[in-house]
Structure formats: C-alpha cells, structure tokens
Amino acid sequence: MNDSRAHQSARVDQRDIRALYDRLSRVYDLWAGLTESRAQRRALQRAAPNDGEDVLEIAVGTGQQFAQLVSANPHGTNQGIDLSPKMLARARTRTAPLAGTATLGIADAHALPFPDQAFDLVTASYFFDLLPESDFPGIIDEIRRVVRDDGRVIVVSMAIAERRRHNVYSWIYRLSPRLLGGCRGVRLAPHLSAGGFRIVHRDSITQLGFPSEVLTTVVSDPTTSPNPPDTPTDDETAGDARA
C-alpha cells in the first residue's frame with residue numbers, strides 16, 4: 001500500500017480534546033468554510049430530515065449543520081451533543097433565533113445519554129477521525145442502540161487521501177496533529193458494516209485538497225444487497241474553497 005493510503009493512528013490525547021476544541025472554537029467556522037462545508041452540505045442532502053422527526057447530532061461543534069437540521073425540522077426534536085463548552089456556546093447562539101426544539105448539552109458518545117431507539121436520524125461530522133480506531137466499535141454500538149430500526153445514520157469523516165496531491169494533510173498531521181484539530185484520515189465503512197449498518201451512499205468530496213467521506217447508512221437487513229463499492233465520488237474543481 002502506498003503512502004497516500006497509509007493509515008495513521010490518533011495522536012492527540014483524548015483527555016485533551018475538550019480543551020483543544022475550546023481553543024479552536026473562535027476560528028473553527030473559518031476552517032470549516034474552507035475545507036468541510038461541501039461535505040457537510042452533501043451530508044444534509046443525504047440526511048433529508050422530515051419535519052417531525054427525532055434527530056441527534058453527535059459532535060455538534062459550533063452548530064453550523066445543527067442549525068440547518070433545526071430549521072428543516074421545526075416540529076420535531078433536535079438534540080446536539082459535544083464535549084466542548086465553548087463550541088456549544090456558539091451553537092446555542094446560532095440556534096437561539098430558530099423556531100423548533102433545539103437542545104444542546106455536553107455528553108460523551110461512548111455512553112450516549114438517551115434511551116434505546118430514540119432517534120429517526122443520527123448525524124456525526126468530523127468526530128470519528130479524532131478517536132483511536134479501537135473506540136469505533138463501542139461508539140457505533142451506542143449509535144445503533146439509539147437509532148430506530150427504520151432510521152438512518154449519516155457520518156462525515158476526514159478520509160485517507162487517495163491522490164498524491166491531497167496527501168499534504170497527512171504530512172501536516174505527522175508534523176503536528178493539533179494543526180488539524182487532531183483529525184486524520186480514517187476508513188470507517190468496515191466498522192459501520194460490522195456494527196449493523198448498511199451503506200447506501202458513499203460520497204468522496206475534496207475541498208481545498210482536504211479529503212472527506214460522507215457515508216449514508218441504514219440499519220442492516222440481511223435480505224438486502226451488500227454495501228456499494230467506493231463510488232460515487234464528487235471532487236471539486238482544483239482550488240475551490242466555496243463556503
């Protein structure tokens with residue numbers, strides 16, 4: 001396997017994540033606009049929330065995506081969780097003027113504070129790529145526990161670079177993981193499949209050279225066809241950094 005597809009281990013101490021993202025809260029929207037906004041737009045398209053649903057966003061951050069979920073679901077319930085108080089403060093400011101129910105709080109995805117089968121839709125963006133791979137199965141089990149059998153889960157992660165020109169972020173991560181907020185490229189699809197989810201869409205989106213993967217999943221049904229191949233892809237024009 002060549003270097004552009006090499007897996008990197010999580011190198012930021014998990015005990016430091018809250019403080020790191022408290023510091024990043026002041027500039028995170030700028031970073032997201034330059035590198036993550038196209039993937040998040042695709043995730044919202046795939047999520048297609050229906051008004052009246054029960055929705056959970058894990059790692060809500062400054063609430064950019066959460067605000068759009070709330071706007072699309074004014075008659076449903078919208079829960080957002082994060083570890084960073086300062087990220088949540090910004091999310092509260094962003095969602096305060098919106099109609100609908102928006103509940104935000106500190107919680108750890110390793111033990112979600114919600115009952116079984118509580119949600120129709122669960123989303124998580126740029127969250128798994130912070131974690132050690134050994135944590136993936138337990139968190140996926142928690143997501144499976146809280147999503148309904150006819151629900152769906154949309155996950156956005158930094159992807160492992162497939163093209164040499166996108167490998168600059170792997171180099172930055174090796175130099176200093178904190179410059180990328182602790183994020184590195186991960187392969188999440190096999191873990192989701194092992195955890196009881198079937199992938200119905202897999203979108204690869206690159207913005208300003210930053211590779212992201214949007215995985216749209218439903219609860220597995222043994223009578224359905226297997227997961228689709230690693231397509232489609234949706235790459236931007238070189239240098240595109242539209243927010």
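Note that the numbering runs from 1 along the sequence shown for the chain. This is a predicted model, so every value here is computed, not measured.
Within the structure, ring-ring contact (aromatic ring centres under 6.0 Å, His included) contacts touching residues 73-95 (residues at least two apart or in different chains) do not occur. Every pair passing side chain to side chain donor-acceptor pair (under 3.5 Å) that includes a residue from residues 92-101 is listed here, sequence neighbours excluded: D29-R94, T62-R94. Within the structure, ring-ring contact (aromatic ring centres under 6.0 Å, His included) contacts touching residues 128-161 (residues at least two apart or in different chains) are F128-F136, F136-H191.
Here T217 pairs with nothing under the side chain to side chain donor-acceptor pair (under 3.5 Å) rule; sequence neighbours left out. Partners of Q117 according to the side-chain contact (heavy atoms from CB on, under 4.5 Å) rule, which considers only residues two or more places apart in sequence or in another chain, are R148, D149. Annotation: side-chain contact (heavy atoms from CB on, under 4.5 Å) contacts of A43 (sequence neighbours excluded): Q65, I154, V156, V214. Not counting sequence neighbours, F66 has no partner by the ring pair (Phe, Tyr, Trp, His ring centres under 6.0 Å) test. Applying the side-chain contact (heavy atoms from CB on, under 4.5 Å) test to T77 and every residue at least two apart in sequence or in another chain returns D54. The side chain to side chain donor-acceptor pair (under 3.5 Å) test applied to Q68 returns no partner, not counting sequence neighbours. Applying the ring pair (Phe, Tyr, Trp, His ring centres under 6.0 Å) rule to F119 yields the partners F114; only residues at least two apart in sequence or on another chain are considered. Taking A107 as the reference, I81, P113 meet the side-chain contact (heavy atoms from CB on, under 4.5 Å) condition, with sequence neighbours excluded. Here N50 pairs with nothing under the side chain to side chain donor-acceptor pair (under 3.5 Å) rule; sequence neighbours left out.
With F197 as the fixed residue, the side-chain contact (heavy atoms from CB on, under 4.5 Å) test singles out one of V147, T216, V155, V218: V147.
Nearest heavy atoms, S125 versus Q40: CB-NE2, 3.6 Å.
Salt bridge annotation for R152-E53: present, with a cationic side-chain nitrogen under 4.0 angstrom from a carboxylate oxygen.
For the pair I199/S193, a side-chain contact is recorded, criterion being any heavy-atom separation below 4.5 Å from C-beta on.
Side-chain atoms of D22 and S84 form a donor-acceptor pair, as typed in the model, at a separation below 3.5 Å.
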